[in-house]
Amino acid sequence: DSSDDPIAAVASDVQEWAEARKGEIETLKKTEEYRKEFLGNVAHELKTPIFNIQGYINTLLDGAMDDPEVLRHFLNKAAKSADRIADMVDDLEAISNLESGRESMEFEIFDINDLIKDVFDSLEYMASHKKIILDFKEGCNYTMIVEADKYRIRQVLVNLITNSIKYGRQNGKTLAGMYDMDENVLIEITDNGLGIGPEHLPRVFERFYRVDKSRSRIEGGTGLGLSIVKHIIESHEQTINVRSTPGIGTTFGFTLKKA
Ligand code: ADP
């Protein structure tokens, strides 16, 4: 019996302490593994556009730039790759800010309906290239005051609506829905585009996960957009989910707290 034996009592305390720490150590190990994997992914993702830019420049220096048309073509390609790098760095910065909590959340009271209209306006030009209509679902266009970090919720809407255009079809539609649920409001962004297969659906919020890598690349995707969206909504202690039918379309829905 350890109660009579001070050494045994200490030993048992130590053992108890170690058991309790086991979980923490496991978590730390996982975080560390995850961090390493993430760094590896970032390096890999940045390599491709940098490698491409080097290729274009070297081809030009090797003589291709004597032809003005070829020169323009390769410079355009190099500029696209540079844009990819810039987008990636922007997204990485957003993730880093969210994770370190360096930029703490700034809650404001605002009309989410106004914000959706604002984001629709700013993406109308992009949508017009595919003749995609951005609109509200019937009965869903009304004032709804919420309390949230407006700047970050704008980012959520921009990412979701941009995706609905990128993975939408020509002459398609992106519709916003707003549903009053007592304490919260549910915001849904629905498209009638490609859709996402059930085997991919649970993974689309993971960093760098893409259903179709080449399509994402053509569309200028970083593979980070949805992970940022999820992170922002969870920082609000709200929820986000997705449902989709391949060939029919996709709906992303998230909640916000009503003010
Ligand atoms: P990306 O930068 O590749 O668009 P995201 O994190 O925004 O990265 O999205 C991850 C993947 O989820 C995309 O590559 C795409 O395959 C899929 N996806 C996202 N939104 C949609 C959508 N509205 N319709 C179909 N697929 C989508």
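First listed ligand is number 1; within each ligand, the first listed atom is number 1.
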Enquirer: Does V204, backbone or side chain, put an N or O under 3.5 Å from an N or O of ligand 1?
Expert: no
Enquirer: For Y167, does the six-membered ring have the charged nitrogen or CZ of R215 within the cation-pi criterion, i.e. under 6.0 angstrom from the centroid and within 45° of the normal?
Expert: no
Enquirer: With heavy atoms only and a cut-off of under 4.0 Å, state how T250 meets ligand 1: side chain, backbone, both or neither.
Expert: side chain
Enquirer: Using the six-membered ring wherever Trp is involved, compare the ring planes of H236 and F107 and label them parallel, tilted or perpendicular (cut-offs 30° and 60°).
Expert: perpendicular
Enquirer: For ligand 1, find out whether one of its N or O atoms is nearer than 3.5 Å to an N or O atom of Y209.
Expert: no
Enquirer: Only heavy atoms of K166, strictly under 4.0 Å: list the atoms of ligand 1 that pass.
Expert: 1 (P), 2 (O), 4 (O)
Enquirer: Record the part of D191 in heavy-atom contact with ligand 1 below 4.0 Å; permitted values are side chain, backbone, both and neither.
Expert: side chain
Enquirer: Before signing off on this row, confirm whether S227 and ligand 1 have an N or O atom pair separated by under 3.5 Å.
Expert: no
Enquirer: In terms of atom number and element, which parts of ligand 1 are under 4.0 angstrom from non-hydrogen atoms of G221?
Expert: 1 (P), 2 (O)
Enquirer: Looking at L115, T255, V146, I116, which hits side-chain contact (heavy atoms from CB on, under 4.5 Å) with I187?
Expert: I116
Enquirer: For this output row, return yes or no: ring centroids of H231 and F205 closer than 6.0 angstrom.
Expert: no
Enquirer: When you check the gap from the basic side-chain N to the acidic O, do E32 and R35 get nearer than 4.0 Å?
Expert: yes
Enquirer: Taking 4.0 angstrom as the limit, do E234 and R152 come out as a salt bridge?
Expert: no
Enquirer: Decide if atom CZ of R21 counts as having more than 12 heavy atoms of other residues, nucleotides or ligands within a radius under 6.0 Å.
Expert: yes
Enquirer: Going by the closest heavy atom to atom 8 (O) of ligand 1, which one wins out of P246, G249, G223?
Expert: G223
Enquirer: Would L226 count as a polar contact of ligand 1, with the cut-off being nitrogen or oxygen pairs under 3.5 Å?
Expert: yes
Enquirer: Check each heavy atom of I196 against ligand 1 and say whether those closer than 4.0 Å belong to the side chain, the backbone, both or neither.
Expert: side chain
Enquirer: I'd like to check which ligand 1 atoms, numbered from 1 as shown, lie under 4.0 Å from a non-hydrogen atom of T222.
Expert: 2 (O)
Enquirer: Using a strict cut-off of 4.0 Å, indicate which atoms of ligand 1 neighbour a heavy atom of S216.
Expert: 1 (P), 3 (O), 14 (O)
Enquirer: For Y142 together with F136, are the ring centres under 6.0 Å from each other?
Expert: no
Enquirer: Tell me whether V211 has any N or O atom under 3.5 angstrom from an N or O of ligand 1.
Expert: yes
Enquirer: Verify the cluster assignment for L160 and I248: are they in a single hydrophobic cluster under the rule of side-chain heavy atoms below 4.5 Å apart?
Expert: no
